[in-house]
Amino acid sequence: MSEKRFSLLLLAVRFDDIETRNVRRAIDKLAPICIVFDDFVRRCKENYTVGENCTIYEMLERFRGRCSFRQYIPNKPNKYGIKIQALVDSRTFYTSNMEVYVGTQPDGPFKCDNSPSSIVKRLIAPISKTGRNITMDNWYNSIPLANELLKNHNLTVVGTLRKNKREIPQVFLETKKRELNSTLFGYGKDLLLISYTSNKNKNVIMISSMHDQSIIDPESGDQKKPEVITYYNGTKGGVDVVDEMKGEYSVARINCRWPLTIVFSLMNIAGINSQIMYRENTGKMITRREYLKTLGQELTKPYMVKRLEQPCLSFLLRQQIIKITGCTLQNNKESPNPDVSTSDQRIRLVYWCAKKEHPRLFKLPIMGVAGSHFTKRVRRFNVVERTERVINKDKPIPAPLHKADAERLKQLLENDPQLKEELVNKNSTLGKNLQSVYVTSKGDLPNIFSQSKTKLPQNRAQEFNTAFTFQEPENVPPGRYTLTQITECIADHYKDKQIYTSEVLADRVKIDKKLMENILKYYRVFDMYIPEKMVDKKTSPKLLISNAIDKIRHSLEIDKFKEERKQIALDESTDIQDKPQLAIFIRYVTMNMEVKEELLDLIALKETARGCDIKDVLDIVLRKTEVPIAKIVSVSTDSALSMTGCKNGLIGILKSDTDFPDFIPIHCIIHREHLTAKYFKYEHVMSFVLKIVNYIRSSSKIHRQFKNFVESLEDDVPNDVPWYCLVRWLSVNNVLIKFFDLLEPIKTFLKEKVKNFQQLSDPQWLRDMLFCTDVVHHLATLNMSLQGKNKFINNLVQDIFSFQNKLKLFQRDLRINNLNHFLYLKKIKNYLVGIATKFNCEDYVQKLECLSTHFEDRFKDLKLLKPSIAFLENPFVINVIENGCLILKSISMDTAALEIELLELLKDEGLNTSNTVVILCWNFGNMCLLLNIQKLLFALKS
């Protein structure tokens, strides 16, 4: 069946008599589908007997069209649809009884009570007085219903209860004074009532006419769940499982007719119920997909076999039906040509009919039912014509004969007509004789190629260089070049620009010098990130390109990594897809005392980013890039526990690794400064400032009015207040400064908007805001000084220690009410002279003391680096005779030899007293230094 045919049938299908529908709908809202629905439910009840546990719950069939009894249930996935109450076996999930909720029916024989207890009584009618158990939720369940089902229907009930039931004692509803995971049991004549506290200030009320003992399920562990709750959880999901199975393989289609929606639901349930009966009767376990596929084939097989009897069925469709059903139609009519098969006869006859009797049939404007027969023949005519064209396709034209040979052949064929058939047909006797002909030889094989100068290739397969996914020629004419040659030139140029200049490379490739200059100017050698799942695909173009680039990068960097001491820096973060990425940098010093930093690799971590995971990745990268581990003097990380942990962190794992040398662990100084600055909090100031800023910026209309108001002022003030971003610490400084500059315009603007903010007129709040502005401004200045390129550890440490001294200076000035270092606070002091009688700064001193304490705790490990930093700044500050060499052991080579070399360096008193001593220490590359001092400087600078 074609898709258009199926759509037409689906559009026209009805399930009742349309002539009597209006009469029946006057007394039954379900009239268009009630006959089919009732017959289906009756067959479900007759053909299967449910087990001992059943579930009553509601299904919601998705439907958003026009329907008077369409329901809205927010906790369902579909939200809107037709509600069907169902009775389902809790073990096999067989749907035994159903009822469509249509609301209030018109007066007549179909009008019924829609209360929960009445619905339950109608659903349990097939299993009444059978001793089974019914599991229900709190919408259906009630204590009177449980008593009635037990007495009149011999059915037990397990389910939850709503807390508004008047039969529940008050002590079962209270939760404040009860312990977590505690249970109260209440015993009636035939019922058991329990109250279980699952969470704080929350309990669950349940009732059971099946249980009569207060038993705690031992398998629930610390939760101490009663056996009633465990039994309820195991049997409550019957209807939900059926809904899930219907959604997994569904025949439903989007439509605007609710009867069709119900029919789709019945078909889905029929597939589930039939598979359950098949499994229970045969004991065979088959997947639902295979079962539905087999079921569909078996249901359509009789119709497909019957369709084979049609003589005008197309050839392709007939072959498909034979392939699916596995049977053919026995045609009793004798074929007029015994040498031609039935299918070939049909093709030729149809072709002849379409070609001879109706030679121009496809051009006729035929419409209506009668015209469909002709259009079918036209479509079949196209198929048959293509088939005939393939069968009767001309044979390849042989090569032309000489004129004399052609005349001779023509004469022979005229004299002997049988010769033509002998030339076309094969002679079986000659074929057999030809198979018996073969060549043999005796003796040694002659050396045929002994005098040949050309050697045969050992491997005849064509060599294919897949570095760039295409074959490059070996011999390149002058003026042309390959991608491999250009890549090698770019790599050599950036390896050493002084040796591999554009002239040298142009002469190597034999191209124009200006062209080579442009190539070196606009092209770089780059690396490509490849996920782990692509590593095994050896034919991937990306992987092949990456392998070629890795070789070039290896040749570039292998010599650099053979320099002296090095530092490793690691930073772990997540990308836009929340996947952890680890960036590994290396810092080293060249022989010319030039400090360089390069990215070793960017590796995607797996599911976790623990210290052991980072350690494994680091080992792989160091091994791949051939970095000598013994020359690593320092490891820099951020302050995350996975990096700085003493046991399970990366630093702790590296310290415990015997193969890894002793190193200096350094945490990111900028990151630590940012974390320390967060301890300085003025919540009552920032919360109010952000409240005003958000009021102005959140509405586009108010924001536009505020900007126009500020631009109309003649004062030189900012034209807007910026947003605050918690991640960007510097934005706090920007917000507070511009808020103070716009303080008077903000007051005027809020007054026009009838927004009363009393804090803007409170002197104490204004002083707190400006003190916060001054401190944040100093912290932002420190943060900016720590950023930038070519920053050594001595520069960063000096900035931190200097700021700690500034904090002590600020405390001293505030104790004597000196505001020279608090410019904004000084402005407001002059402004509030007549308002504030006394300007007390003790609270501000305590805030600065707290901030200073946090700085000392965060950067206490940097004090150990002071001797090394002092030596890097000025080697003459070290008194070798009195104090010895105080440089860290992890970066000093031989302490005794180093002390001797330092004394040799200090013997020149002129150099010691020179003003240029610090500059000379930074340019030891141009001086003749002793070996140990030079190695020590490499380590300190790295």
Side-chain angles (χ1 to χ4, degrees), residues 453-530 538-564 566 585-602 621 624-628 631 789-790 923 925-926 928 938 941-942:
K453 297 181 180 180
T454 305
K455 295 183 179 180
L456 292 176
Q458 298 296 329
N459 184 12
R460 301 198 178 188
Q462 184 180 4
E463 295 183 359
F464 183 68
N465 182 16
T466 56
F468 298 100
T469 69
F470 55 87
Q471 179 68 30
E472 292 187 345
E474 296 181 357
N475 299 323
V476 183
R480 295 181 178 272
Y481 43 86
T482 63
L483 187 58
T484 304
Q485 293 176 346
I486 296 300
T487 308
E488 292 175 354
C489 291
I490 297 173
D492 292 340
H493 176 72
Y494 287 100
K495 180 179 179 181
D496 195 336
K497 295 183 179 180
Q498 297 180 356
I499 297 177
Y500 298 101
T501 60
S502 59
E503 297 179 355
V504 175
L505 297 177
D507 184 63
R508 179 203 294 181
V509 189
K510 298 180 181 180
I511 60 175
D512 187 40
K513 176 184 175 183
K514 293 184 179 180
L515 179 60
M516 178 57 69
E517 291 178 354
N518 292 332
I519 292 174
L520 299 176
K521 180 179 180 181
Y522 295 107
Y523 291 92
R524 296 289 188 275
V525 177
F526 66 95
D527 200 354
M528 183 178 297
Y529 168 72
I530 300 177
K538 298 182 179 179
T539 58
S540 173
K542 294 183 178 180
L543 184 61
L544 298 173
I545 295 175
S546 179
N547 292 337
I549 294 175
D550 285 341
K551 295 180 181 179
I552 298 173
R553 185 185 63 176
H554 184 268
S555 64
L556 281 172
E557 299 178 352
I558 193 67
D559 295 334
K560 296 180 181 180
F561 294 158
K562 292 181 180 179
E563 302 290 344
E564 282 298 330
K566 302 162 187 62
F585 297 86
I586 186 169
R587 187 186 181 106
Y588 58 93
V589 182
T590 63
M591 297 302 295
N592 298 327
M593 296 300 294
E594 181 182 1
V595 180
K596 291 189 176 183
E597 187 177 52
E598 293 185 6
L599 175 64
L600 271 185
D601 211 335
L602 180 64
V621 174
K624 181 178 68 174
T625 54
E626 299 182 10
V627 175
K631 293 188 177 182
K789 297 182 179 180
N790 299 325
N923 295 277
N926 300 326
C928 182
F938 285 150
K941 278 201 169 187
S942 63

remark   = Value for CD1 (Ile586) from CG (Asp601), rounded to nearest 0.5 Å, stands at 12.0 Å
task = Name all pairs fulfilling the side chain to side chain donor-acceptor pair (under 3.5 Å) condition that reach into residues 506-520, sequence neighbours left out, sorted by first residue then second.
result = Asp492-Arg508, Glu503-Lys513
Atom pair CD1/CD1 of Ile519 and Ile511 - distance to nearest 0.5 Å = 4.5 Å
task = Measure the CD-CG distance between Gln485 and Leu505 for me, rounded to the nearest 0.5 Å.
result = 11.5 Å
query = Roughly how far apart are His493 NE2 and Gln498 CD, rounded to 0.5 Å?
reply = 11.0 Å
request  = Give a yes or no answer on whether the side chain of Tyr500 reaches the backbone of Ala491 with a donor-acceptor pair at less than 3.5 Å.
outcome  = no
ask   = How many angstroms lie between atom OG1 of Thr487 and atom CD1 of Ile490, to the nearest 0.5 angstrom?
value = 6.0 Å
remark   = Distance col, row Asp496:CG vs Tyr494:OH, nearest 0.5 angstrom, shows 13.5 Å
